**Student:** 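This is the structure I want to talk about, given as structure tokens.
Remember, it's a predicted structure, so these values are computed and weren't measured experimentally. Remember, it's 1-based here, ligands and their atoms both numbered in the order they're listed.
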Amino acid sequence: MQPKVGILILGDQLSWHHPALTEAVPGETVVILAEVAEEALYVRHNRHKIVLLFSAMRHFATALQKRGFDVQYYRFEDGVASLLEACSRAHATWELDQLQLCEPGEYRLSEQMEGWSEQLGIPVSVLADSRFLASRSDFADWAAGRKQYRMEYFYREMRKRYGFLMEGSQPEGGKWNYDAENRSGWRGQCEIPARLAPVLDDTTSEVIETVLAHFPYNPGDLTAFRWSVTHEAAQAELDWFCEHALPLFGTYQDALAESSPWLFHGLISMYLNCGLLEPLAVCEQVETAYRRGHCSLAAAEGFIRQVLGWREYVRGLYWYQMPDYRELNALAAVRPLPEWFWTGSTDMRCLSQALKQSLDLGYAHHIQRLMVIGNFALIAGLSVSEVCDWYLAVYTDAYEWVELPNTLGMALFADGGIMASKPYAASGKYIQKQGDHCKACRYDPKKVTGDGACPYNSLYWDFIHRHSELLGQNPRMGLILGGWRKRAQEDRQAVLEWAENILDDLSVL
Ligand code: FAD
Ligand code: DLZ
Ligand code: SF4
């Protein structure tokens, strides 16, 4: 047998633009894909994520074979322990003369891979992930010498570099950011369009059986599995979004709705993050929708900012700051996660819905992740590492490169402000303004203390009080702190005592 080039494609790299694949010659290449215990077990992944990846990997293997590639595929039942073992087995079968990889999305794996060449006894090349629009070194060049790494400035550079929504060197419409137009709360103003019905093929049904058998204790209600597992189906979902939801995406981007887990969101992060969609093509499609008059500039800009700005920025920040970033805990938050984070059983209605859909569907939109779940964790001082592990486990789109900066940095302010200019802390008033959960909640968003008071309220003031020294150094917190300090001493005392009561036993909320 002729020695071959081996290309290991990870479960979140299922793209024809994989840097090793673009140069690969069928006949001289064997592509390795492996469902392995180590990747499936390093965190209690949502079953939706495992099914999506295993089924998409199997479909991609078939598509590769159709293009003439030899494929070495290991199924979960084959009992391969790790990605290294998969490569070693493939080497034994195919006599590889080298192995090519694309840099992985997590630091943990990238560290492991450093020893692979020696362990396998063949050269291993790790190629840069060309599917991101800013490379790690682009981000490092941008960040070098800056005191603060604000997304907004990074995003402007990316707009100029890629020419999205530009009029020459100026932003379309004269402003870089139309966020001020994108903050409506949800009061049932219009119909929320029904999503495309899910289609489960035989491969997905087979994978669901495997996952049910091997992951009985992981979160995820697989009777509700709805995710696309091929490039074509993911593209059809994006087309649907651009046609039906994009025009109102901006308006209700920050809204919370009892009746829908999806509202007008894209539902594409899980595809972007595993290679079924490409960020450049997504931004191009959204800009085209705007240019043909299908959506407003605010909607298109709001969406492109998420993909071209936030998504690239968090990835850059992750690699720029790791491995120290993972250890940060600027607010010394160590309180154990209440058990109901794993069941959603709390009377706090906004939180219960956000937790339940995260666990059952593997999805929550940004405001649920940030201002309902993350905000609660922040103001209650929940353990940073436990909260980060929870986020990494429950979402179908979760990989450490994107989960960690969003959770540790944006939601928990545990990096002390590297990412966010101030903590995203809010009381029940904000949640009431943004959505319609409070009407049917056992708690009252207007009450701060006493029976039935919304827990977000006293916890919010307790948070401000607890961290007043640190927050006092932040000019954006001056007004709030000033207001708190001006309140009568006995008033403040009552609020703090009420909060202390709550924190004493979170299990009863
Ligand atoms: P839309 O609202 O339709 O947005 C469009 C796209 O923009 C998303 O698909 C996503 O690719 C990108 N995007 C938007 N915001 C962000 C952001 N802050 N960071 C990175 N990309 C962004 N996103 C993940 O992909 N994986 C995670 O594990 C993850 N964890 C998060 C944890 C916390 C605490 C918070 C606050 C946010 C997290 N996000 C994460 C970002 C964001 O919430 C999700 O990308 C988004 O909810 C996915 O749903 P969607 O595709 O419907 O997004
Ligand atoms: C998340 C995940 C899971 C659950 N299983 C696999 C797997 O069996 N095989 C694989 O190649 N990749 C898997 N992944 C994705 C990897 O964990 C991911 O590549 C790393 O976390 C780096 O982002
Ligand atoms: Fe959430 Fe408080 Fe409103 Fe209940 S009252 S839904 S806990 S914000």
**Student:** Is the shortest heavy-atom distance from the side chain of Phe164 to the side chain of Tyr290 under 4.5 Å?
**Tutor:** no

**Student:** If you take the centroid of each ring, where Trp contributes its six-membered ring, are Phe241 and Phe303 closer together than 6.0 Å?
**Tutor:**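 Close enough - the centres of the two rings lie under 6.0 Å apart.
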
**Student:** Which atoms from ligand 3 have a heavy atom of Tyr443 less than 4.0 Å away?
**Tutor:**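 The atoms of ligand 3 under 4.0 Å from a heavy atom of Tyr443 are 5 (S).
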
**Student:** Among protein heavy atoms, which lies nearest atom 1 (Fe) of ligand 3, and at what distance?
**Tutor:**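 Result: Cys350 SG, 2.4 Å.
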
**Student:** Taking side chain as C-beta onward, heavy atoms only, is His231 less than 4.5 Å from Glu278?
**Tutor:** no

**Student:** Looking only at heavy atoms, is any part of Pro445 under 4.0 Å from ligand 3, and if so is it the side chain, the backbone, or both, or is it neither?
**Tutor:**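 Under 4.0 Å from ligand 3, Pro445 contributes backbone and side-chain atoms.
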
**Student:** Go through ligand 3 atom by atom and flag the ones less than 4.0 Å from a non-hydrogen atom of Ile431.
**Tutor:**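 The atoms of ligand 3 under 4.0 Å from a heavy atom of Ile431 are 8 (S).
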
**Student:** So, does Thr62 use its side chain to make a donor-acceptor pair with the main chain of Arg58 at under 3.5 Å?
**Tutor:** yes

**Student:** Name the closest protein heavy atom to atom 9 (N) of ligand 2, giving the residue it belongs to and the distance to 0.1 Å.
**Tutor:**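 Looking only at protein heavy atoms, the one closest to atom 9 (N) of ligand 2 is Ala34 O, 2.7 Å.
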
**Student:** By salt bridge (Lys or Arg N to Asp or Glu O under 4.0 Å), which residues pair with Asp179, not counting sequence neighbours?
**Tutor:**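 Partners of Asp179 under the salt bridge (Lys or Arg N to Asp or Glu O under 4.0 Å) test: Arg183, Arg305.
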
**Student:** Given Tyr73 and Glu35, is the side-chain hydrogen bond (donor to acceptor under 3.5 Å, both in side chains) satisfied, shown in steps?
**Tutor:** CA-CA 8 Å; Tyr73 196 96; Glu35 300 168 10; 2.5 Å; yes

**Student:** Nearest non-hydrogen atom to atom 3 (C) of ligand 2 belongs to which of Arg47, Glu39, Glu106?
**Tutor:** Glu39

**Student:** Which atoms of ligand 3 sit under 4.0 Å from any heavy atom of Cys438?
**Tutor:** 3 (Fe), 5 (S), 6 (S), 8 (S)

**Student:** Establish, yes or no, whether a centroid distance under 6.0 Å links the rings of Trp310 and Tyr155.
**Tutor:** no

**Student:** Can you check whether Trp340 and Phe376 have ring centres sitting under 6.0 Å from each other?
**Tutor:**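 So the answer is yes for these two rings.
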
**Student:** Under 4.0 Å from ligand 2, counting heavy atoms only, is it the side chain of Lys49, its backbone, both or neither?
**Tutor:** side chain

**Student:** With under 30° as parallel and over 60° as perpendicular, where do the rings of Phe76 and Phe215 fit, or are they tilted in between?
**Tutor:**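 Ring orientation, 0 to 90° scale: tilted.
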
**Student:** Show me which atoms of ligand 2 lie under 4.0 Å from any heavy atom of Leu10.
**Tutor:** 11 (O), 19 (O)

**Student:** Just go through Glu103, Glu35, Arg108, Gln13 and tell me whose heavy atom is the nearest to atom 20 (C) of ligand 2.
**Tutor:** Arg108

**Student:** Quick one: do Glu400 and Arg315 make a salt bridge, cutoff under 4.0 Å?
**Tutor:** no

**Student:** If you draw the axis of the six-membered ring of Tyr217, does the NZ or CZ of Arg44 fall within 45° of it and under 6.0 Å from the ring centre?
**Tutor:**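 The answer is no, since Arg44 fails at least one limit relative to Tyr217.
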
**Student:** Pick whichever of Ile9, Asn273, Asp12 has a heavy atom sitting closest to atom 18 (C) of ligand 2.
**Tutor:** Asp12

**Student:** Is the distance between atom 4 (Fe) of ligand 3 and the nearest N/O/S atom of Cys454 smaller than 2.8 Å?
**Tutor:** no

**Student:** Kindly assign one of parallel, tilted or perpendicular to the pair Trp390 and Trp342, based on the angle between their ring planes and the thresholds 30° and 60°.
**Tutor:**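 Ring orientation, 0 to 90° scale: perpendicular.
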
**Student:** Mind checking what residues have non-hydrogen atoms under 4.0 angstrom from ligand 1?
**Tutor:** Phe249, His265, Gly266, Leu267, Ile268, Ser269, Leu272, Asn273, Phe303, Gln306, Val307, Trp310, Arg311, Val314, Tyr363, Ala364, His365, His366, Arg369, Leu370, Tyr391, Asp397, Ala398, Val402, Glu403, Asn406, Thr407, Met410, Ala411

**Student:** Which ligand 3 atoms are under 4.0 Å away from a heavy-atom of Met348?
**Tutor:** 7 (S)

